Amino acid sequence: MMNYLFSIALLMMDGIKYTLEIFFVTIILSMPLGLMLTFFRTSKIKIVKAITGFYVWIMRGTPLLLQLFFFYYGLALISDNPLFREALTLSRMQAALVAFVLNYAAYFCEIFRGGLLAIDKGQYEAAKVLGLSKKQTLTKIVLPQLLRVTLPSISNESITLVKDTALVTAIGVTEILYFAKARVNADVNASAYLVAALFYLVMNFVLTKFFAYMEKKYSY
Amino acid sequence: MKMLEVKGLKKSFGDLQVLDGVSFSVEKGETVAVIGPSGSGKSTMLRCLIDLEKADAGDIMVENEFLMQDGVYVQDKKAQQICAKMGMVFQSFNLFPHMSVLDNLVCAPVSVKKEPREQAIQRAKKLLQEVGLSDKADVYPSALSGGQKQRVAIARALMMNPDMLLFDEPTSSLDPQLTSEVLSVMKKLAEEKMTMVVVTHEMGFAKEAASKILFMCDKEIIAEGTKEDIFDHPKDRRIKEFIDSILS
């Protein structure tokens with residue numbers, strides 16, 4: 001029995017690299033992108049604010065699975081021009097990354113917007129009377145506090161992301177769940193799901209510990 | 001020498017007028033206390049002086065340079081330069097919570113004036129000693145009492161070597177015991193002839209440390225003078241009512 005479980009785990013190791021790739025690429029790209037969207041979303045220019053609001057509405061208002069299908073199956077079909085079609089045809093992994101980054105950026109946009117609201121206006125006033133420029137106020141006063149207050153939400157979002165990576169199995173990316181499902185079908189034995197669950201649990205355990213450490217380190 | 005001259009300052013928030021022609025001046029080395037009932041526009045007036053609020057009309061002159069002339073502000077860069085001559089201490093302290101006390105002090109001189117960090121740290125430590133907080137350099141603001149926070153805020157403002165300090169109800173959120181430790185720092189500054197404009201509810205401070213008192217009421221300064229003029233021989237009924245209300 002142990003040997004059987006171990007052999008499944010070994011097989012899944014091949015899939016874990018896709019899971020990790022989606023996780024890290026999404027986190028690394030969607031957070032700065034989300035922050036940028038936050039500034040657009042809180043912009044004084046009405047049209048910029050409205051467009052960003054619309055984007056966030058679409059991305060948060062439709063299923064991530066639908067967005068995955070759209071970028072993998074649907075995107076190339078929006079044009080009749082063969083050249084465009086070729087350019088818009090994404091590989092499974094490309095489509096997965098595009099969908100995840102764009103989707104998570106919308107969530108991070110709202111998380112950071114909430115964090116921005118939590119910063120007291122006295123902080124901006126103190127920075128101003130001390131002569132700090134707008135840029136200095138942003139980098140030295142606002143961003144550090146913004147990241148600190150949003151850390152619990154970022155942690156939460158990361159855990160969701162680990163689990164969401166399993167969705168890409170639906171467009172045939174060979175990540176953990178893809179192998180688990182294949183094993184279960186081939187062996188008519190559900191233990192592969194258990195092994196997959198263990199993978200996700202371990203990853204989220206590490207993440208939880210990491211964010212707990214960060215929260216402690218940056219507490220004030 | 002005139003440090004500050006304000007003429008005909010007017011300000012409205014929408015339909016609500018809060019300042020209706022405020023004029024006064026502050027000489028170098030003077031400690032001016034601004035007193036008066038709540039809602040009389042004291043804080044708004046102070047905030048206009050350092051460009052935290054935009055006044056609608058009037059003149060503001062700092063060390064003989066216009067910040068605002070006839071209701072028109074000078075351009076941003078010039079305004080920044082003029083406001084840099086002033087420091088401000090807030091009712092709610094507004095310390096940077098994510099920085100240690102020492103970093104709160106050195107942040108602005110290092111980033112704005114490009115002062116070498118080591119030098120700024122030396123000055124900061126000296127100032128912390130002067131406000132009696134040498135042992136708190138490495139703690140975060142959340143670990144301080146209100147009185148300690150306000151003393152740090154005063155030291156932080158002094159780090160920029162301002163010619164004049166503005167205080168916006170610096171002790172209003174402190175209990176009496178903590179108030180006195182902040183007031184004693186302010187009195188020391190007054191003795192050292194730091195030019196100060198202090199919006200306050202502390203009549204004790206106004207009486208003891210202020211060289212001039214402005215009484216604000218109904219969007220205007222209705223009296224200006226020494227503590228004797230204001231407290232002992234109030235000319236206006238409203239001043240007398242205010243003083244009686246505080247004493248009772």
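Here is the naming used below: chain letters follow the sequence lines, and residue numbers restart at 1 for every chain. Values in this document were obtained by computation on a predicted structure and should not be read as measured data.
Counting heavy-atom neighbours within 6.0 Å of A:Lys217 NZ, excluding the residue itself, gives a total of 12 or less. Atom NZ of B:Lys113 has more than 12 neighbouring heavy atoms from other residues, nucleotides or ligands inside a 6.0 Å radius. Crowding of B:Asp76 atom CG: a count of heavy atoms from other residues, nucleotides or ligands under 6.0 Å not exceeding 12. Around atom NZ of B:Lys28, no more than 12 heavy atoms belonging to other residues, nucleotides or ligands sit under 6.0 Å away. Around atom OH of A:Tyr178, no more than 12 heavy atoms belonging to other residues, nucleotides or ligands sit under 6.0 Å away. Few gaps surround CG on A:Leu117; more than 12 heavy atoms of other groups in view lie less than 6.0 Å from it. More than 12 heavy atoms of other shown residues, nucleotides or ligands fall within 6.0 angstrom of atom CZ in A:Phe71. The number of heavy atoms from other shown groups lying within 6.0 Å of CZ (B:Phe13) is above 12.
When every heavy atom of A:Tyr220 is checked against every heavy atom of B:Ser142, the shortest pair comes out as C-OG, 3.4 Å. The two residues A:Leu130 and B:Met160 make their nearest non-hydrogen contact at O-CE, 3.2 Å. Summarising the geometry of A:Lys128 relative to B:Leu52, their closest heavy-atom pair is CD-CD2, 4.1 Å, with the distance given to 0.1 Å. The nearest pair of heavy atoms linking B:Ala108 to A:Leu132 is CB-CD1, 3.8 Å. For the pair A:Lys140 and B:His98, the tightest heavy-atom approach, listed with the atom from each and the gap, is O-NE2, 2.7 Å.
Proximity to chain B (any heavy atom under 4.5 Å) is restricted, for A:Gln136, to the side chain, taken from C-beta onward. Using a 4.5 Å cut-off between heavy atoms, B:Met159 makes no contact with chain A at all. Only the side chain of B:Arg47 has a heavy atom closer than 4.5 Å to any heavy atom of chain A. Looking at B:Leu95, the atoms closer than 4.5 Å to chain A (heavy atoms on both sides) all sit in the backbone: N, CA, C or O. Of the atoms belonging to B:Phe90, it is side-chain heavy atoms, and not backbone ones, that fall under 4.5 Å from chain A.
When atom types are taken as modelled, the side chain of B:Asn94 and the backbone of A:Gly122 share a donor-acceptor pair closer than 3.5 angstrom.
Annotation: maximal heavy-atom pairing with chain A below 4.5 Å, among B:Leu166, B:Val139, B:Ile50, B:Asp51, occurs at B:Asp51. Counting heavy-atom pairs closer than 4.5 Å to chain A, the top-ranked of the candidates B:Tyr140, B:Phe96, B:Phe93 is B:Phe96.
Of the inter-residue distances, the one linking B:Ser111 atom OG with A:Lys135 atom NZ reads 11.5 Å to the nearest 0.5 angstrom.
When side chains are defined from C-beta on, A:Gln123 counts as touching B:Pro97, because their heavy atoms get closer than 4.5 Å.
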